[in-house]
Amino acid sequence: LPGRAHAAIATQNKVEKMLAAQGKTRNDLGRERFLERVWEWKRKYGGIILEQLRRLGASCDWERERFTMDEGLSVAVREVFVRLYEKGLIYRDRALINWCPRCKTALSDEESPGKELPGKLWSIAYPLADGDGEIVVATTRPETMLGDTAVAVHPSDERYRHLVGRYAILPLVGRRIPIIADVHADPEKGSGAVKITPAHDFDDFQVGLRHQLPQVVVIDEDGKMTAEAGPYQGLDRMEARARVLRDLEQQGLLRGVEDQVTPIPHCYRCDTVVEPALSTQWFVRMKPLAEPAIRVVKEGKIRFHPPQHQETYFHWMENVRDWCISRQIWWGHRIPVWYCDRQHMVVSRVTPSSCPECGSTSLRQDEDVLDTWFSSWLWPFSTLGWPERTRDLEVFFPGDTLVTGPDIIFFWVARMIMASLEFMGDIPFRDVYFHSIVRDPEGRKMSKSLGNSPDPLWLIDGATVEELGEFAKKNPSYAKGVPAYGADALRISMVYLTPVGGDIRFDHTLVEFGQRFANKLWNAARLVLLNVRAEDEPLPVEEIRAEELSLVDRWILSRLRAAVEAVRTALQEFRFSDATRALYKFVWNEYCDWYLEFAKEHLDASAEPRRRQVTLSVVLAVMERILRLAHPFVPFITEELWQALPAGCRRVQGVASIMVQSYPQPEQTLSDAHAEEAIALVQEVINAVRNIRGEVRVPPQARVSLIVQWAEARHQELLRESLPYMARLAKVAEVKFETARPRAAASAVVGRMSLFVPLEGVIDLELERGRLRKEIERLTGQLETLNVRLNNRDFLARASQEVVERERQKKSDFEARLGRLQMCLSSLD
RNA sequence: GGGCGAUUAGCUCAGCUGGUCAGAGCGCUGGUCUCACAUACCAGAGGUCACUGGUUCAAGUCCAGUAUCGCCCACCA
C-alpha cells in the first residue's frame, strides 16, 4: 500500500521559500490561497518518491495509493482527536513547549533533537537586596536572566540557608527576586545556586509552578527580546546575549567563564536553535497509551529486528512525556475545535453550525493544525477505511512486517503501536525490521542540506556531470557522472552491503557488485537458452528417474536444495544480506563456475540424446529455481529471463508473471550426500591440477596427463568417469592409476591420493620444490599445534570425547598427507 | 551524564550457540579474448582478528577494563 505523509512543516517551508523568492509571504496570499499553492506543489513533486519506488521495482498495490491529507484519512484524524478528547487524553494548556522561531511553530520533543555544541558557562553575581553580599549563579544562556523571577538553592544546602527568604536584585533590569529553597537546585553543580526563569526553561517552569513565581516572557515568537527585556527590547536573542554579557562585564558582575559542550535543541526541519517558550497548545496524555504499547513488545507480540532497538523503544515509552500536537502553520489537518464568541469550546467530528452551549452561530475554528505524525500514527488502519469497519480492515489488519529506519522509532513506530492498540484493540504489525541508514562515503548522514544524497534514478539510469549539476561538484566520486547501473543492480547491492544493525557508507561504485551479478545471471541464462532447441522437450525434474540423473545433476540439485534452504532461513530471520550472499555463492560459484561447465559436456551435439535431454532438463530446472529465488532481489532481470524460459519449465502454464509462482521450497528428496562428496573430490582434483598449472607455469593450451597414486577403487572409478570434466576444466588429457612415481612431475595431495602431473622438460624443478615446501611448511605448522593439543593431558581429560576423536583423526590425516608430500619432494631429487 | 553499536586483508564487509589452522567481493600481481559472460576465466600475494588482562584443556568467537569511531537518550546552572 504505497503512500506518504503530508510532511507539514517541511512542505510548508518549501512553499514559503518559493514565495519568498517572489518577495511574498504566506500572509500575502491568505490561508486559502496559500493552501492551494501547497496542493499544487504536492501534485508536482509529491509523486517523485513514489516514482523512485516504482522504478526500484517495489511490488506495491499501486492502485491503493494513500496520502495523509486524503479525505478518508482526515476523517480518521478527526475521529481520533474527538475520541481522545472525550476520554480526557487530549487537553489544551498554557505550558512551556519547544518553539522554532524560524518556522514559528511549536514542536514536539522528538522534533527538537539536541545537538552537542561547544558553548560557555558564565557565572553571574546577583547582588543581595538588603545589605552587602551577592549570590552567584551560572548559565549558558545569559539573555534569559532578564526573565528571572527567583534564585533557588537546595533546602539542605548549609551555605545558603541564611539567604532563603531574602531577595536579590536582578542586574541590568533591577527587579527584586526572591531566593527560594527548591530541590531542583543541585548543590554539586556550579555555585549551588541556580537562576529561575519560568518562561524560558523547562525545569524552571516547574519550579515556578511550585512557588507561584511570575512568568516573565523576554523572548518573543521571532526570537527577539520583548518589552520585558527593557533596554534589550527588539534585539535578536543571540545579539541580546552578547549585549547582556558586555553590560554585566562593565558592571563587574561576571564571575567567571568556562568552556562547556552542551546539547542544544534544534528544529529538525530547519536546524534553527529551538527556544523553550510559554504558549497555549494542545497535548496528548501519553502515559495511558504507552503502557499497553510497552506490554505488547515485552510479551513478544511485536518483535524488533535487530532486537537491540527494543531498548530504545522501552526507554522512550517509559519516560514518555505529553505530546504537543498543535502546530502554528497552515498545511495540515486543522484542529477540529471551534470557539464561539462567548469563548465556549466545541470539539466536534463535523463542522458545527452553532454553539451547543449558547446557540451562538458565530463560530471560529482553531487556527492551528495538527502535527503530521498525528495522522501518520493512524496509517496501519486509517488507510484501510477506519473508522468504518471495512472489508479491507478485516483482511489486511494487522499487517505483517513494518520496514523502517531506526531514526523514526519514536515518531512513528512507537506511536503506530499506541494508536493501533487504542483504536483497533490490536497490534498494527508483528515484526518491525529496522534497516540501515545510508551514509555518504565520509560517513555523514545523507541530507538535503548537505546535498550528498544521490537520486536513485541517477544510479538506475546513469547521469552525466551536467545532469548531476551541483551534486557532482560537491561529491568527488560523482565528478565524472554516474554510469547506468540498473534498478536490479542497485537493489541487490543495497541489500548485500547492508549489515544487520549497522549503517552503510555508500558510494555508487559499490553498485558494481549488483551490476556484475545481474550480468552474470543474464549470461548464464543466455548460455542455457542457447542450448535449447525448438524440438527439445525438457522434463520436470520430479519426472526424471534418479538413476537417469548424472552425478553432477544430483550434485547441483542437492546444492540447490541447500541454497534454497539458506536463503529462506536468512529471509525468515530478517538477515537479508546473508540471503543475498547465499544466493550469490550458489549462482556464481556453484551453478556457473562448476555445474554449467560440467553440463556443457552433455549438451553439445555429440552427446547421447537421452543424456542430453536429462541434462538440459536439470540445467533449466535449476535456472528456473534460481530466477524465482533471486526475484525479490533482482525482479526485473529475473522476470525477463523467466519469461524467456521454455514454457514447460514453469510450474503454472500460461501465467504471465514470475510473481505468482511460489517461492522455491527446499525439496528434501534432492539432498544427496554421496554426490556432494564425490563432486567435492573431483573439484579438489581439478583445483590441484589448476594450481600446479598456474604455479609451475604450464602453458595454458598444453594438455597434461594425470597420474594418481593410492586411489581407492571407488575413487579410481569416479576419476575415470570424470575425465571429460577434468579435460574441460583443467586440460587433463588422460588419467592413469599407477603405483610408481613418475620422474620430473609436479605433484599434489588430495585426500589420501597423490597426484602427479608429468612435465618432462617443461618443469622448473625449483618452482615445483618451492610449491611443495610451502605446502609442507603449512601442514607441519598445523600438525605441531595439533600435537601440542593432543599431548596435553588436560585436553584429553576435559574436552569432549567427540572433539578428541576428531582431533586424532585430523592428526592422522595430516600425517598421511605430509608423508605423501615429502615423498613427492624427495622424488624430485 | 546514561544507553547502544562498531573496531577482522589496502577498501567494503561475512564469521551463528568457543574446538581446521581466519573468509568473500573490490583493489593489487601474473596469466588467458577458452564457442554465456574480459562487467569474464585461471592462478597468486596480502591479516600479531584495536589494546590489556581474565575465564577455559581450547577465544576474532565468552567476561572485565582501556582506546578510537559512531548512534540514541538526557532539564542548555
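Only heavy atoms go into these numbers, but all of them, side chains included; no hydrogens, no water, no symmetry mates. First the proteins, then the strands, lettered A, B, ... as listed; each starts at 1. Remember, it's a predicted structure, so these values are computed and weren't measured experimentally.
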Using atom [atom1] of [X] as one end and atom [atom2] of [N] as the other, report the distance to the nearest whole Å.
X	N	atom1	atom2	value
Leu527(A)	C35(B)	CG	P	12 Å
Trp588(A)	C37(B)	CH2	C1'	8 Å
Leu530(A)	C37(B)	CG	C1'	12 Å
Arg439(A)	C11(B)	CZ	C1'	19 Å
Trp594(A)	C37(B)	CH2	P	20 Å
Gln308(A)	C71(B)	CD	P	17 Å
Leu497(A)	U12(B)	CG	P	12 Å
Asp578(A)	G15(B)	CG	C1'	10 Å

Base partner of [N], which must satisfy Watson-Crick or wobble distances under 3.5 Å:
N	value
C41(B)	G31(B)
C4(B)	G70(B)
C26(B)	G10(B)
C51(B)	G65(B)

Between [N] and [M], how far is it from one [atom1] atom to the other, in whole Å?
N	M	atom1	value
C69(B)	A50(B)	C1'	11 Å
U12(B)	G27(B)	P	15 Å
C41(B)	G3(B)	P	50 Å
C42(B)	C33(B)	C1'	14 Å
A24(B)	G31(B)	C1'	23 Å
G60(B)	G19(B)	P	10 Å
C72(B)	C37(B)	P	49 Å
G53(B)	C75(B)	P	41 Å

*Looking only at N and O atoms, is any donor in the side chain of Glu116(A) or the base of A74(B) less than 3.5 Å from an acceptor on the other one?*
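Answer yes: a donor N or O sits under 3.5 Å from an acceptor.
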For [X], report the nucleic acid contact type (base, sugar-phosphate, nothing); a contact means any heavy atom under 4.0 Å.
X	result
Glu597(A)	base
Arg771(A)	nothing
Val274(A)	base
Pro113(A)	nothing
Glu311(A)	nothing
Lys195(A)	nothing
Lys774(A)	sugar-phosphate
Ala193(A)	base
Asp204(A)	nothing
Leu121(A)	sugar-phosphate
Ala185(A)	base

*Search all heavy atoms of Val274(A) against all heavy atoms of His266(A) and return the closest pair with its distance.*
CG2-C, 3.6 Å
*Closest approach of Phe636(A) to Ala487(A) (non-hydrogen atoms, all atoms of both residues)*: CE1-CB, 3.6 Å
_Distance check, rounded to the nearest 0.5 Å: Thr638(A) atom OG1 versus Leu521(A) atom CG?_
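That separation rounds to 7.5 Å.
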*Report the distance from atom CD of Gln260(A) to atom NZ of Lys120(A), rounding to the nearest 0.5 Å.*
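Interatomic distance, Gln260(A) CD to Lys120(A) NZ, rounded to 0.5 Å: 11.0 Å.
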_Measuring centre to centre across the rings, with the benzene-like ring taken for any Trp, is His309(A) within less than 6.0 Å of Phe434(A)?_
yes
*Flag the pair Phe411(A) / Tyr268(A) as yes when their ring centroid distance falls below 6.0 Å, and as no otherwise.*
yes
*For G25(B), is chi within 90° of 0 (syn) or not (anti)?*
anti
*With a 3.5 Å cut-off and no angle check, do the side chains of Trp323(A) and Glu110(A) form a donor-acceptor pair?*
no
*Side-chain donor-acceptor contact under 3.5 Å, Asp182(A) with His211(A)*: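 Side-chain D/A pair, Asp182(A) to His211(A): present.
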*Check: Phe410(A) and Tyr313(A) side chains under 4.5 Å, non-hydrogen atoms*: no
*Do Leu627(A) and Met623(A) come within less than 4.5 Å of each other through their side chains, counting heavy atoms only?*
yes
_Under 4.0 Å protein heavy-atom contacts per nucleotide of nucleotides 18-34 of chain B, with B for base, S for backbone only and - for none_ = -BSB---SS----S---
_Please tell me if Lys115(A) has a side-chain N or O lying less than 4.0 Å from either OP1 or OP2 of C71(B)._
no
*Short side-chain N/O contact to G44(B) OP1/OP2 from Asn691(A), under 4.0 Å*: yes
*Minimum-distance nucleotide (side-chain atoms of Val194(A) versus A43(B), A77(B), C37(B))*: A77(B)
*What nucleotide, of C75(B), C42(B), A36(B), holds the atom closest to the side chain of Lys520(A)?*
A36(B)
*Would you mind telling me which residue lines up with the more 5' stretch of RNA chain B, Glu110(A) or Ile264(A), judged by nearest nucleotide?*
Glu110(A)
*Closest-nucleotide ordering on RNA chain B, the 5'-leading residue of Gln515(A) and Ala152(A)*: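 Result: Gln515(A).
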*Using a cut-off of 6.0 Å, state whether more than 12 heavy atoms not belonging to Glu640(A) lie near its atom CD.*
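Check fails, neighbour count at 12 or below.
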